[in-house]
Amino acid sequence: MNLDLLFEASAWASLLTLTAMEIVLGIDNIVFISVLVSRLPAAEGKRARQIGLALALVFRIALLLILSWLIGLTEPVITILGKGLSWRDLILLAGGLFLIYKATHEIHQGVEGHGEDGSKPVTAGFTAVIAQIIVIDMVFSVDSIVTAIGMAEHVEIMIAAVVIAMGVMYLASGAIAGFIERHPTTKMLALAFLLMIGIALVADGVGFHIPRGYIYTAMAFSAFVEILNVSARRKRSH
């Protein structure tokens with residue numbers, strides 16, 4: 001470990017910038033995990049959320065430790081309709097399609113009203129939730145770390161930024177999951193976010209980049225409007 005980095009202003013600036021970016025990119029991960037754990041009992045949901053975020057941290061650090069291999073993921077490995085696709089593109093395509101399917105399936109269940117009798121298969125449900133979290137953690141981790149490469153020159157800074165960002169995500173995830181659980185309408189909004197993120201990942205996979213700033217601005221605005229709606233409903237109920 002290079003201890004000289006502790007005394008370099010540029011290293012601290014890089015750490016702050018990278019940490020902020022990792023937190024923003026982690027929003028997708030938090031929303032997905034929060035939606036999934038909302039189907040589990042409180043105790044199981046909390047454990048699934050903790051496992052999911054721990055796995056996200058492990059995947060990100062593991063990818064940082066194999067940077068040379070990760071950079072190779074951006075090299076084209078297959079050509080479809082004249083378009084060269086890398087392993088990263090294929091991973092984003094698969095992850096995006098999975099998110100689109102999962103969000104659409106959950107929206108359909110919410111609209112049709114299935115599973116509202118309160119019965120939740122704890123064991124099978126918990127295992128299925130963890131499996132889905134693992135899949136999407138891998139997708140978001142690849143996207144996050146590939147995006148981070150180039151913003152910092154030292155792996156130590158990248159790992160520190162990821163650890164700090166995951167700590168912030170862990171603290172925020174409980175509040176977000178609880179809010180979604182207490183206010184069912186926000187779950188539909190979260191699913192709409194996941195659908196939008198899935199479309200953005202598919203677009204990235206085929207080489208059409210949608211600036212994340214547009215997506216996160218739309219998400220922030222929609223979330224603000226929903227918070228106003230929740231506040232208004234709460235006042236009317238009193």
Side-chain angles (χ1 to χ4, degrees), residues 1 14-15 17-37 40 44-75 77 85-103 126-152 154-174 176-177 190 193-194 197-198 200-202 204-205 212 215-216:
M1 181 177 177
S14 178
L15 175 63
T17 303
L18 192 55
T19 299
M21 191 205 72
E22 287 294 328
I23 291 172
V24 172
L25 291 177
I27 293 173
D28 307 346
N29 230 150
I30 292 177
V31 171
F32 182 80
I33 291 175
S34 298
V35 169
L36 284 184
V37 301
L40 297 172
E44 296 291 332
K46 181 179 180 180
R47 190 154 65 96
R49 181 164 48 82
Q50 292 172 337
I51 292 174
L53 290 172
L55 287 172
L57 176 61
V58 170
F59 287 145
R60 282 163 169 76
I61 292 178
L63 290 174
L64 284 172
L65 294 177
I66 50 175
L67 279 178
S68 59
W69 173 80
L70 190 61
I71 293 173
L73 288 180
T74 59
E75 297 297 324
V77 294
L85 298 177
S86 65
W87 281 114
R88 175 177 180 266
D89 295 330
L90 295 175
I91 290 171
L92 293 182
L93 273 171
L97 291 173
F98 174 73
L99 274 183
I100 291 172
Y101 162 76
K102 184 62 182 175
F126 183 82
T127 303
V129 165
I130 294 299
Q132 292 176 72
I133 287 176
I134 289 174
V135 170
I136 213 62
D137 270 351
M138 293 175 66
V139 175
F140 284 141
S141 294
V142 169
D143 191 32
S144 172
I145 299 305
V146 169
T147 304
I149 293 175
M151 290 190 65
H154 304 280
V155 175
E156 297 97 325
I157 293 177
M158 294 184 187
I159 292 178
V162 167
V163 171
I164 295 171
M166 292 305 299
V168 173
M169 287 168 58
Y170 177 79
L171 294 175
S173 64
I176 294 174
F193 289 164
L194 291 179
I197 293 165
L201 289 178
V202 170
D204 273 350
R212 288 295 190 268
I215 295 176
Y216 293 132

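In this text, all values refer to a predicted model and were calculated from it rather than measured experimentally. Heavy-atom basis, side chains included; hydrogens, waters and symmetry copies ignored.
- For R60, the side chain to side chain donor-acceptor pair (under 3.5 Å) partners at least two apart in sequence or on another chain are N29, S141.
- At least one side-chain heavy atom of L201 sits less than 4.5 Å from a side-chain heavy atom of F140.
- A distance of 6.0 Å separates CZ in R49 from OH in Y170, rounded to the nearest 0.5 Å.
- By the ring-ring contact (aromatic ring centres under 6.0 Å, His included) test, Y216 is found to be paired with no residue, residues two or more places apart in sequence or in another chain being considered.
- Nearest heavy atom pair, residue G205 against residue L93, reads CA-CG, 4.0 Å.
- In this structure, CG in L57 is found 9.5 Å from CE in M169, a value given to the nearest 0.5 Å.
- The side chain to side chain donor-acceptor pair (under 3.5 Å) check on D89 picks up S86, with sequence neighbours excluded.
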Determine, step by step, whether S173 and L53 satisfy the side-chain contact (heavy atoms from CB on, under 4.5 Å) criterion, reporting the C-alpha distance in whole Å, the side-chain angles of both residues, the deciding distance to 0.1 Å, and the verdict. CA-CA 9 Å; S173 64; L53 290 172; 3.3 Å; yes
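- Of all the heavy atoms in D137 and A56, the pair that sits closest is OD2-N, 3.4 Å.
- V142 has its side chain out of reach of F59: every pair of non-hydrogen atoms, C-beta onward, lies at least 4.5 Å apart.
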Practice problem: Let me see the working for I197 and V31 under side-chain contact (heavy atoms from CB on, under 4.5 Å), right down to the final yes or no. | Solution: CA-CA 11 Å; I197 293 165; V31 171; 5.7 Å; no
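- V129 and A48 make their closest contact through CG1-CB, 4.1 Å (heavy atoms, listed as atom of the first residue, atom of the second, distance).
- L194 and D28 get closest at one heavy-atom pair: CD2-O, 4.2 Å.
- Pairing each heavy atom of G95 with each of I136, the nearest pair is O-CD1, 4.1 Å.
- Taking 4.5 Å as the limit, some side-chain heavy atom of I51 sits within range of a side-chain heavy atom of F126.
- When side chains are defined from C-beta on, V77 counts as touching L90, because their heavy atoms get closer than 4.5 Å.
- A distance of 4.5 Å separates CD in Q132 from CZ in F98, rounded to the nearest 0.5 Å.
- Between the CD1 atom in I91 and the CG atom in D204 there is a gap of 13.0 Å [rounded to 0.5 Å].
- Residues L36 and K102 meet the side-chain proximity criterion, which asks for heavy atoms closer than 4.5 Å.
- Here CD1 of I33 is found 5.0 Å from CD1 of I133. Values are rounded to the nearest 0.5 Å.
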